2 protein chains.
Amino acid sequence: MTLNSREAILAAARLRVQAHGYGGLSFRDLAAEVGIKAPSIFHHFANKAELGAAVARRYREDAAAALAALAEEGPDARASLARYPATFRGALENGNRLCLASVMAAELADLPPPVQAEVRDFAAMNIAWLAGRIAAAGLAAPEGAGPRARAVFAAVAGAQLLARGGGGVAAFDAVVDSYRAAGLIPS
Amino acid sequence: MTLNSREAILAAARLRVQAHGYGGLSFRDLAAEVGIKAPSIFHHFANKAELGAAVARRYREDAAAALAALAEEGPDARASLARYPATFRGALENGNRLCLASVMAAELADLPPPVQAEVRDFAAMNIAWLAGRIAAAGLAAPEGAGPRARAVFAAVAGAQLLARGGGGVAAFDAVVDSYRAAGLIPS
DNA sequence: GTCTTCCTACCTAACGTTAGGTAGGGTGGA
DNA sequence: TCCACCCTACCTAACGTTAGGTAGGAAGAC
């Protein structure tokens with residue numbers, strides 16, 4: 001149960017941050033969900049900042065793996081780009097949550113520096129993946145792939161934010177469809 | 001000083017929420033900034049929820065006035081649409097803040113219902129304005145103006161979120177330029 | 001085999017701090 | 001006089017965190 005506890009804490013903390021933010025993550029509530037007491041969390045993580053950084057790091061690693069899998073599914077860069085928004089859809093379906101990095105970006109100034117760094121790394125990783133696929137798909141000139149990648153990332157994150165405010169997955173899908181219609185994302 | 005205190009509280013609270021979120025708004029810090037003591041705030045607002053709702057309502061009213069002014073500046077709907085993102089730029093310039101509604105959307109689940117309602121109203125107001133201008137500009141079919149308006153609102157909010165994470169106003173401008181290049185927003 | 005030692009994993013109790021909120025009093029202008 | 005405004009003093013609940021301790025297992029020496 002030792003390794004499982006650490007993993008259980010990480011998983012539960014991720015969901016709680018996605019729903020309530022880093023500031024809304026309480027050790028007592030988190031521990032209760034895992035089935036231990038709050039101080040026992042300190043056996044696995046030195047403090048809240050370290051837990052937050054670990055959650056964000058794991059989130060980035062999982063996303064990187066998912067994107068790598070998406071790219072390896074087929075050689076068609078346009079097709080994998082078209083499926084990129086779907087990686088953000090899941091959070092909305094799962095209790096109207098947001099991308100971890102979006103929630104944390106909203107409270108960025110109050111985040112411990114190590115957590116801030118993880119948030120930036122997540123964005124950089126997504127943008128790098130998008131830029132690679134955009135370049136491979138010939139969707140933009142080589143020097144324009146980076147800016148375009150940032151635009152796609154921002155637009156999809158914004159769609160998720162709007163959908164949480166009202167409309168849910170249906171609103172998210174409609175906004176993404178508009179992006180496709182405008183040519184921001186390939187169909 | 002009575003009316004001024006209320007206004008000073010509203011203004012300071014708005015800036016603090018834009019920087020730290022509703023959860024990060026503390027009566028003690030807020031009062032200190034205004035130059036009074038924390039319990040004196042309760043003379044102007046019954047509780048935190050009412051203060052939050054008042055801040056959000058005022059924010060929406062101010063934004064509505066700014067958008068109305070933008071629309072009245074000239075009859076060219078395309079031109080006023082092109083200047084829409086600028087209304088979001090100011091927050092970033094002012095201490096790397098976000099749109100009040102974006103910050104609050106990130107912590108929506110923990111907001112008192114009246115505050116949630118104000119956040120939704122702000123989004124609806126923006127979308128209605130955009131839909132009107134999009135229809136007037138002939139940028140989309142009449143039945144497509146609403147979805148397109150939601151896409152523009154989401155995209156601009158996302159650009160602001162990305163810019164806060166890193167890059168600031170320059171990143172915001174670059175992303176908006178990409179939106180223009182893709183045809184999501186008129187130049 | 002068993003005794004000692006050290007470990008992991010978790011506990012209870014309490015720390016200092018901060019949160020929103022309340023009670024009741026003083027003061028100044030209409 | 002009275003009421004708006006702001007004060008001091010205080011409350012309870014919750015926060016992250018620390019101290020100190022217990023249960024149980026692995027490992028080495030004899």
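Lettering follows sequence order; numbering is per chain, from 1. Quick caveat: nothing in here was measured; it's all calculated off a predicted structure.
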Nearest listed nucleotide, side chain of B:F27, among D:dT17, C:dC10, C:dG20: C:dG20

Nucleotide nearest A:K48 (side chain, heavy atoms from C-beta), chosen from C:dT8, D:dT17, D:dC7: D:dT17

Side-chain (A:Y179) to main-chain (A:A155) donor-acceptor, under 3.5 angstrom: yes

Nearest listed nucleotide, side chain of B:P39, among D:dA9, C:dT12, D:dG16: D:dA9

hbond_proxy B:R28 side chain to C:dA19 base (donor-acceptor, 3.5 Å cutoff): yes

Separation of D:dA19 C1' from A:K37 NZ (nearest whole Å): 18 Å

Heavy-atom donor-acceptor pair, A:R180 side chain to A:I185 backbone, under 3.5 Å: no

Whole-Å gap separating P (C:dC11) and CD1 (A:I36): 6 Å

Sugar-phosphate only, base, or nothing, as touched by B:S40 at under 4.0 Å among non-hydrogen atoms: base

Aromatic plane relationship, A:F88 with A:F153 - under 30° parallel, 30 to 60° tilted, over 60° perpendicular: perpendicular

Distance in angstrom units between A:L51 CG and D:dC15 P, rounded: 14 Å

Distance, rounded to the nearest Å, where A:E50 contributes CD and D:dT17 contributes P: 11 Å

Closest nucleotide among D:dG16, C:dA19, D:dA4 to the A:S26 side chain: D:dG16

Worked verdict on B:D173 versus B:R89 for salt bridge (Lys or Arg N to Asp or Glu O under 4.0 Å): CA-CA 8 Å; B:D173 291 342; B:R89 231 188 88 121; 2.4 Å; yes

Spacing of B:N47 atom CG relative to C:dA19 atom C1', expressed in whole Å: 14 Å

Sugar-phosphate, base or nothing in reach of B:L30, heavy atoms under 4.0 Å: nothing

Distance, rounded to the nearest Å, where A:F42 contributes CZ and C:dC11 contributes P: 14 Å

Shortest side-chain distance from A:H43, nucleotide among C:dC10, D:dG16, D:dC7: C:dC10

Touch class at under 4.0 angstrom, heavy-atom based, for B:I41 against every strand present: nothing

Whole-Å distance separating the NE2 atom of B:H44 from the P atom of C:dG20: 17 Å

Nearest heavy atoms of A:A91 and A:Q160, plus distance in Å: CB-NE2, 3.5 Å

Separation of atom CG in B:D29 from atom C1' in C:dA19, rounded to whole Å: 11 Å

